[in-house]
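In what follows, a single structure is set out as structure tokens and then discussed.
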Protein chains: 2
Amino acid sequence: MSVEEIQKVARLLKALGEFNRLSLVYELCGCKAPKNAMCLCECCSVDASGVSRHLKVLAQEGIVASEKKGREITYSLNREEIAEKLRALADKIENSHE
Amino acid sequence: MSVEEIQKVARLLKALGEFNRLSLVYELCGCKAPKNAMCLCECCSVDASGVSRHLKVLAQEGIVASEKKGREITYSLNREEIAEKLRALADKIENSHE
DNA sequence: GACATATTTGCGCAAATATGCAAATATAGT
DNA sequence: ACTATATTTGCATATTTGCGCAAATATGTC
């Protein structure tokens with residue numbers, strides 16, 4: 001496993017491993033329709049600027065997708081991609097002992 | 001999902017989401033026999049005290065198990081537990097939209 | 001007991017991070 | 001053009017975190 005690959009996985013896990021960000025992910029998790037930041041702000045103990053920054057981190061790691069709709073931006077989870085990456089890690093951890 | 005549950009998952013992901021700690025996990029991943037900290041030190045760009053601290057974090061989150069053997073302590077991955085938690089998260093992310 | 005090896009811990013430091021507030025920006029509606 | 005709403009960004013700050021070094025601790029060997 002290359003350093004770059006490890007760094008990539010570490011960045012994903014770090015992005016998910018912060019309480020307020022993970023709260024945002026769980027919030028998005030439960031809803032079918034995308035939500036905007038104001039709405040997400042309520043599930044999370046930070047103000048709008050904080051939510052904006054957290055969503056930026058999540059977007060950079062490909063955890064959420066954003067779509068601009070007029071003056072608001074709606075966010076949704078990239079469910080399959082994240083699930084796949086987490087399962088790949090789970091498989092590696094469980095099955096890599098030769 | 002309760003705050004405590006989210007915090008618990010966040011702590012697990014945070015523990016895994018640091019480059020040197022994840023490197024240790026991958027190193028342990030590939031070997032069947034448990035390794036001690038001195039040995040693990042080589043795969044990781046930190047000194048023994050750093051490895052000790054990282055292993056402590058991993059142990060606190062139940063990621064590694066330790067066994068004291070004389071003056072050395074050997075570490076091994078709790079493979080099934082971690083894999084199960086990661087898959088549970090993957091399932092939730094993938095399937096929780098009602 | 002003296003010494004070597006393995007690990008932990010205290011300390012200080014530098015970098016990263018999360019946060020709130022206020023200002024800036026963008027855009028919709030009037 | 002003015003106003004309201006949504007989001008981002010700059011700044012300051014407080015906290016956390018990772019790190020190395022040296023000292024302390026634990027244990028095996030002679």
- Straight-line distance of B:Leu28 CG to B:Ser23 OG, nearest 0.5 Å: 11.0 Å

Have a look at [X] and say if it touches a base, only the backbone sugar-phosphate, or nothing, with a 4.0 Å heavy-atom cut-off.
X: B:Tyr75; value: sugar-phosphate
X: B:Gly70; value: sugar-phosphate
X: A:Thr74; value: nothing

- Message: Membership question, hydrophobic clusters at under 4.5 Å side-chain separation (ILVMFWY): are A:Leu16 and B:Val57 in the same one?
- Response: no

For atom [atom1] of [X] and atom [atom2] of [N], their distance in whole Å:
X: B:His54; N: C:dT7; atom1: NE2; atom2: C1'; value: 15 Å
X: B:Lys14; N: D:dT17; atom1: NZ; atom2: C1'; value: 9 Å
X: B:Arg71; N: D:dT27; atom1: CZ; atom2: P; value: 12 Å
X: B:Phe19; N: C:dA15; atom1: CZ; atom2: C1'; value: 17 Å
X: A:Leu40; N: D:dA6; atom1: CG; atom2: C1'; value: 13 Å
X: B:Lys35; N: C:dT7; atom1: NZ; atom2: C1'; value: 18 Å
X: A:Lys69; N: D:dT5; atom1: NZ; atom2: C1'; value: 17 Å
X: B:Arg21; N: D:dT16; atom1: CZ; atom2: C1'; value: 12 Å

From [options], nucleotide with atom closest to [X] side chain:
X: A:Ile73; options: C:dT9, D:dC19, D:dT8; answer: D:dT8
X: A:Ala48; options: C:dT27, C:dT7, D:dT8; answer: D:dT8
X: B:Asn36; options: D:dT8, C:dT19, C:dT7; answer: C:dT7
X: A:Asn20; options: D:dG20, C:dT19, C:dA6; answer: C:dT19
X: A:Lys68; options: C:dA26, D:dA26, C:dT19; answer: C:dA26
X: B:Ser52; options: D:dT27, C:dT9, C:dT19; answer: C:dT9
X: A:Lys56; options: C:dA18, C:dA6, D:dT9; answer: D:dT9
X: B:Ser49; options: D:dG28, D:dA22, C:dT17; answer: D:dA22
X: A:Ala37; options: D:dG18, D:dT7, C:dT19; answer: D:dT7
X: A:Arg53; options: D:dT27, D:dT17, C:dG20; answer: C:dG20

- Message: I want to check something: taking the side chain as every heavy atom from C-beta on, are A:Lys85 and A:Leu12 in contact at a cut-off of under 4.5 Å?
- Response: yes

Between the side chains of [Y] and [X], is the shortest nitrogen-to-carboxylate-oxygen separation below 4.0 Å, so that they form an ion pair?
X: A:Asp91; Y: B:Arg87; value: yes
X: B:Glu84; Y: B:Arg79; value: no
X: B:Glu18; Y: A:Lys14; value: no

- Message: Please compare B:Gly50 and A:Val46 by the position of their nearest nucleotide in DNA chain C and report the one closer to 5'.
- Response: B:Gly50

